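Here the structure is laid out as structure tokens; the discussion comes afterwards.
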Amino acid sequence: MGDMPNPVARVGAPTAHDWDLIISRMRADRCVPFLGAAASLGTANRVGLPAGAELSEALAATCRYPGPDKRDLLRVAQYYQMVYDAVELREAIVKMFSARNAEPGSVHQAIASLPISAVLTTNFDNLMERAFTQMDKTPVTGVYDLRANAGDELPSPSIGRPLVYKLHGTINRPDTILTTEDDIIEFLAALLLRNPDLPLAVKELFSERSLLFIGYGLKDWNIRVMLRALRSARIRGRSELASFAIQRRPSIAGVAEEWEEAVLYWDRNESLRCFDMDATEFAAELQERFG
């Protein structure tokens, strides 16, 4: 028997209608960028931050992690904390981030140039705030503090004073950084129990605006739980408000097919439309189409 033909890709770049909807929501300030680690990666012309797998391998080498999955950041960080402690883990992460001297990239710059009043992120870095400052805006940083008794009160975000809300902590406050398996489980439990609760301004972003995920994988289960917990206006489990995710289709056969099935599943069940596109290419086209 000959080789089986490769299946035809069913997921592609945004269509003209997809772009119309994204641009329309952004012009109305009803689309919130949600940045993951890949949004802060470096390029050939710019120093960025380490990918999760790279950070994980560095931590694994330092703590002599014995397992085979040295690229699993949550698991490696958990082991690092067990053999040392939480303070040593967070200090190691801050040191690695600080050593890079990273600069805001094309994704940060594109977002900062648009009339956007809020950005959500699970990143620890301050690249988004720096990009807003470079555009003569005055960003307000909010941080979810798992150990606080109550969530911070935040001002209503605006175009001139955009909110950058960090769900997994910030390097400016290392005690807020969430990076182990236990951290993420505790974080999700806290969200579900509303203890501490998210600020009202942040909860409204989840319920009243489209989300634009950049730099996440659809297998990132803590993001999926967060969506289920915080999205409202559902009809039979499906949100009425479309959201979007930018992610390059995997190149490995089998993995790519699984990815496409996951994409189609999330479109059907969560109104989350995923597009096969590189984040930097998307950022460039977004600026061009916005005009």
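As the structure is a prediction and not an experimental result, all values here were calculated from the model.
Ion pair R75/E181 flagged as a salt bridge, since at least one NZ, NE, NH1 or NH2 atom sits closer than 4.0 Å to an Asp/Glu carboxylate oxygen. Between K137 and E129 there is no salt bridge, since none of the side-chain N atoms of the basic residue sits less than 4.0 Å from a carboxylate O of the acidic one. Between D276 and R248, at least one side-chain N (NZ, or NE/NH1/NH2) sits under 4.0 Å from a carboxylate O, which counts as a salt bridge. Under a 4.0 Å N-O distance rule, the pair E54/R100 qualifies as a salt bridge.
At distances below 3.5 Å, not a single donor-acceptor pair connects side-chain atoms of Q247 with backbone N or O atoms of G215. A donor-acceptor pair under 3.5 Å is absent between the side-chain atoms of N195 and the main chain of A190, judged by distance alone. The backbone N or O of T280 sits less than 3.5 Å from a side-chain atom of D278, completing a donor-acceptor pair. At least one donor-acceptor pair closer than 3.5 Å links the side chain of T176 to the backbone N or O of R173. With hydrogens and angles disregarded, a donor-acceptor distance shorter than 3.5 Å links the side chain of T62 to the backbone of A58. Side chain of S207 to backbone of K203: a donor-acceptor contact under 3.5 angstrom is found. Although no hydrogens or angles enter the test, the distance criterion places a donor-acceptor pair under 3.5 Å between the side chain of S56 and the main chain of K70. Put simply, the side chain of E57 never gets that close to the backbone of R71: no donor and acceptor are under 3.5 Å apart. A donor-acceptor contact shorter than 3.5 Å links the side chain of Y144 to the backbone of P196.
For F187 and H168, the ring centers are positioned less than 6.0 Å apart.
The hydrophobic clustering, which links ILVMFWY residues whose side-chain heavy atoms are closer than 4.5 Å, places F213 and F206 together. Both F34 and L188 are part of a single hydrophobic cluster, where members link through side-chain heavy atoms under 4.5 Å apart. Linking Ile, Leu, Val, Met, Phe, Trp and Tyr residues whenever their side-chain heavy atoms come within less than 4.5 Å places V76 and L49 in a single cluster. Transitive grouping of hydrophobic side chains (ILVMFWY, heavy atoms separated by less than 4.5 Å) keeps L120 and I159 in distinct clusters.
Side-chain atoms of L241 and R25, non-hydrogen and from C-beta on, do get closer than 4.5 Å to each other. Residues Y165 and V143 form no side-chain contact, since every pair of their non-hydrogen atoms from C-beta on lies 4.5 Å or further apart. Contact annotation: the side chain of L191 never approaches that of D197 to less than 4.5 Å [non-hydrogen atoms, C-beta and beyond]. In this structure the side chain of R30 never reaches within 4.5 angstrom of the side chain of E208, judged on heavy atoms. With a 4.5 Å cut-off on side-chain heavy atoms, Q134 and P104 count as touching. I93 is listed as a side-chain neighbour of F124, based on a closest heavy-atom distance under 4.5 Å. For the pair K166 and T141, the minimum side-chain heavy-atom distance is below 4.5 Å.
Between atom CD of residue E260 and atom SG of residue C274 there is a gap of 10.0 Å, rounded to the nearest 0.5 Å. Here the CD1-CD distance, from I184 to E186, works out to 10.0 Å after rounding to the nearest 0.5 Å. Atoms CG and CG, from L167 and L178 in turn, are 9.0 Å apart once rounded to the nearest 0.5 Å. Separating the CD1 atom in I177 from the OG1 atom in T180 is a distance of 11.5 Å, to the nearest 0.5 Å. Here the CZ atom belonging to R130 is positioned 10.5 Å from the CD atom belonging to Q109, to the nearest 0.5 angstrom. We find the CG-CG distance between L127 and N123 to be 8.0 Å, quoted to the nearest 0.5 Å.
With a 6.0 Å radius and a threshold of 12 heavy atoms from other residues, nucleotides or ligands, R194 has its CZ atom at or below the threshold. By the 6.0 Å contact criterion, CZ on R147 is enclosed, its count of non-hydrogen atoms from other residues, nucleotides or ligands being greater than 12.
Under the salt bridge (Lys or Arg N to Asp or Glu O under 4.0 Å) criterion, D72 pairs with no residue at all, not counting sequence neighbours. E88 pairs by the side chain to side chain contact (heavy atoms under 4.5 Å, CB included) definition with Y80, Y84, D85, E91, not counting sequence neighbours.
Summarising the geometry of D29 relative to S117, their closest heavy-atom pair is OD2-OG, 2.7 Å, with the distance given to 0.1 Å. Shown here for L59 and A92, the closest heavy-atom pair between the two residues is CD2-CB, 4.1 Å. Minimum heavy-atom separation, P155 to A201: O-CB, 4.4 Å. Nearest heavy atom pair, residue G142 against residue L154, reads CA-CD2, 4.2 Å. Nearest heavy-atom pair across L211 and L205 is CD2-O, 4.2 Å. Scanning all heavy atoms of the two residues, the minimum distance from R90 to P174 falls at CD-O, 2.8 Å.
Applying the under-4.5 Å side-chain rule to Ile, Leu, Val, Met, Phe, Trp and Tyr, the cluster around I111 extends to W19, L21, I22, I23, M26, L35, V107, L114, I116, V119, M128, F132, V164, L212, I214, F244, I246, F275, M277, F282, L286, F290.
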*Start with the C-alpha distance between R273 and S210, add both sets of side-chain angles, then the distance that settles side chain to side chain donor-acceptor pair (under 3.5 Å), and finish with yes or no.*
CA-CA 11 Å; R273 307 178 188 180; S210 295; over 6 Å; no

* Asked: Under the side-chain contact (heavy atoms from CB on, under 4.5 Å) criterion, do S40 and H108 qualify, and how do the steps go?
  -> CA-CA 8 Å; S40 297; H108 305 102; 3.5 Å; yes

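V94 pairs with exactly one of L89, N172, I171 by the side-chain contact (heavy atoms from CB on, under 4.5 Å) rule, that one being I171.
Note: Y79 and Y65 have perpendicular aromatic rings, judged against thresholds of 30 and 60 degrees for the angle between ring planes.
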